[in-house]
Amino acid sequence: MADETSASWPPRRVDALVVLACLVLGVANTWLKPSNGLLSGQPTATVATVSGLVAVFLWWRRSWPLTVALLIICCHVVAFTPIALAVALFTVGAAYYRSLRTLVGLGLAACLADLAALWAGNELDPRETGYSVALAIGPLVVGYAVAVRRALTASVRTQLATVEREQGLLVERARAGERARIAREMHDVVAHRVGHIVLWAGSLRLGAGATDPKVAETAEQIRGEGRQALAELREILGVLLPGRTREAAVRTARPDTAELPALVERARQFGQDVTLDIDGHPETLPAPVQRALFRIAQEALTNAAKHAPGAPVRIGVDCRIDRVDITVANSAATRPAVADLPGGGNGLIGLQERVALLDGEFTAGATDDGYRVSARIPHHGS
């Protein structure tokens, strides 16, 4: 474990400054203190050189903290280098804080080396001994305390992250349960109503349709639309229900541009005047883009049938190299609406969100003689 470093400074730059500071202080200590371990009485230049070289060992204190500390302890007996020894012991205290036996053994070795250096310099008095031993033990304890604080901080952060993940899972589980409840409620309500429509259409086809082919044809169309609506409803709600596999949930084919002619034909069967113009090959587009084109055409045709009955509708699909454009435009209504269908105003919003997810552009609004829905969706091929 490395010791404390500034978050804005690279560790090796800090190491270089530490080595330089210990070198300068070690050399200065040679002149300030006459006792220099086994080298006491030797020329000052010689002692200063040895003290400076001892500080250089600190460059490797991160990679081999224990080896460097033992080496400096031995050098401390020779040239009395308390600053380098303090830095080395601090590093070991931070790196081996989990091994108290190692720290105790190293602390005893540092104290013995300190006493030996004082004895060699003939300064083995109680006060000097106390200061020297404190300088040896203090950095070791401080390094240990710093490492313990870091470990506790990291542990607390890990626990907080775990708690946050657990809370997120609980929230997601609650949301999944709520979605499942809503899905079941929607299925019970909508499937019940649409199922009755299918049954009534079947009864109409077998009853009045037996004598009137037009009634039979219309009833069969209603019955087919209802069955398709039920299938798509079960597909969508099946995805929302927990415990459903993808194979069990998806029971109908995903719509794509190949379904556009059938969509237009069904609209014509229900009395809409629809024209489909396709320029290019939309079947080669990515599946999400094809589904978006189908849903845009489907929603626009539904809105035209609701709000502009009898109006001609033109669907244009223009495939380019890097994008596809779709336009659905209708003129003003030519006859009154036959039914007051409820609407929540979410259809166009859903289309806008779908196109936005594909990084496309979506516009919808009234024109001089009707309404126009258009989208431009980029693509990179299938």
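Please read all numbers here as calculations on a predicted model, not as lab measurements. This chain uses plain numbering: 1 for the first residue, then up along the sequence.
A pairwise comparison of heavy atoms in Gln272 and Leu301 identifies NE2-O, 3.2 Å as the closest pair. The two atoms that bring Val68 and Trp60 nearest to each other are CG2-O, 3.6 Å, heavy atoms only. Across Ala311 and Thr334, no two heavy atoms sit closer than the pair N-OG1, 4.0 Å. Across all non-hydrogen atoms, the minimal contact from Ala375 to Val355 is CB-CG2, 4.2 Å. When all heavy atoms of Leu140 and Leu103 are compared, the closest pair comes out as CD2-O, 3.3 Å. Considering all non-hydrogen atoms of both residues, Tyr144 and Tyr97 come closest at CE1-O, 3.2 Å.
Within 6.0 Å of CZ in Arg268 there are more than 12 heavy atoms belonging to other residues, nucleotides or ligands. Heavy-atom contacts from other residues, nucleotides or ligands closer than 6.0 Å to CG of Asp322 number more than 12.
In this structure a side-chain-to-backbone donor-acceptor pair under 3.5 Å is present from Gln290 to Glu283. Side-chain atoms of Thr284 come within 3.5 Å of backbone N or O of His281 as a donor-acceptor pair.
Hydrophobic clustering, with ILVMFWY side chains joined whenever heavy atoms are under 4.5 angstrom apart, keeps Leu108 apart from Ile72. Note: the hydrophobic cluster containing Trp59 also contains Val14 (ILVMFWY, side chain heavy atoms under 4.5 Å, direct or indirect links). When the side chains of ILVMFWY residues are joined at heavy-atom separations under 4.5 Å, either directly or via intervening members, Leu20 and Val87 end up in two distinct hydrophobic clusters. A chain of hydrophobic side-chain contacts below 4.5 Å, direct or via other Ile, Leu, Val, Met, Phe, Trp or Tyr residues, connects Val56 to Val92. The cluster map of Ile, Leu, Val, Met, Phe, Trp and Tyr, joined by side-chain heavy atoms under 4.5 Å apart, puts Trp64 and Leu58 in the same cluster.
A salt bridge links Arg320 with Asp318; the closest basic N to acidic carboxylate O contact falls under 4.0 Å.
With contacts defined as side-chain heavy-atom distances shorter than 4.5 Å, the pair Thr257/Val317 does not qualify. For the pair Ile315 and Leu263, the minimum side-chain heavy-atom distance is 4.5 Å or more. Side-chain contact between Leu106 and Leu70 is present, with heavy atoms from C-beta onward closer than 4.5 Å. Taking 4.5 Å as the limit, every side-chain heavy atom of Val373 sits out of range of all side-chain heavy atoms of Asn303. You'll find the side chain of Ile377 stays beyond 4.5 Å of the side chain of Phe362, heavy atoms only. The shortest side-chain heavy-atom distance between Val324 and Pro282 does not fall under the 4.5 Å cut-off. Under the 4.5 Å side-chain criterion, counting only non-hydrogen atoms from C-beta, Leu71 is not in contact with Thr67. Using a 4.5 Å heavy-atom cutoff, the side chains of Leu260 and Phe294 are in contact.
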message = Set out, in order, the CA-CA distance, both residues' side-chain angles and the distance that settles side chain to side chain donor-acceptor pair (under 3.5 Å) for Thr367 and Arg372, then state yes or no.
response = CA-CA 7 Å; Thr367 60; Arg372 174 188 173 95; over 6 Å; no
task = Would you please test Leu293 and Leu285 for side chain to side chain contact (heavy atoms under 4.5 Å, CB included) and show each step?
result = CA-CA 10 Å; Leu293 295 176; Leu285 297 174; 3.7 Å; yes
Steps toward side chain to side chain contact (heavy atoms under 4.5 Å, CB included) verdict (Leu276, Val274) = CA-CA 7 Å; Leu276 175 64; Val274 185; 5.6 Å; no
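Distance check, rounded to the nearest 0.5 Å: CD1 of Ile326 to OG of Ser374 gives 9.5 Å. Taking CD of Glu299 as the reference point, atom CG of Leu351 lies at 5.5 Å (rounded to 0.5 Å). Atom CZ of Arg323 is separated from atom CD of Glu361 by 9.0 Å, given to the nearest 0.5 angstrom. Note that CD of Glu164 is 12.5 Å distant from CZ of Arg157, once rounded to the nearest 0.5 Å. The structure places CG of Leu348 at 11.5 Å from CD of Glu353, a figure rounded to the nearest 0.5 Å. Atom CG of Asp359 is separated from atom CZ of Arg376 by 14.5 Å, given to the nearest 0.5 angstrom.
A side-chain donor-acceptor contact under 3.5 Å links Arg295 and Gln298. One side chain, Arg165 or Thr162, offers a donor N or O that lies under 3.5 Å from an acceptor on the other.
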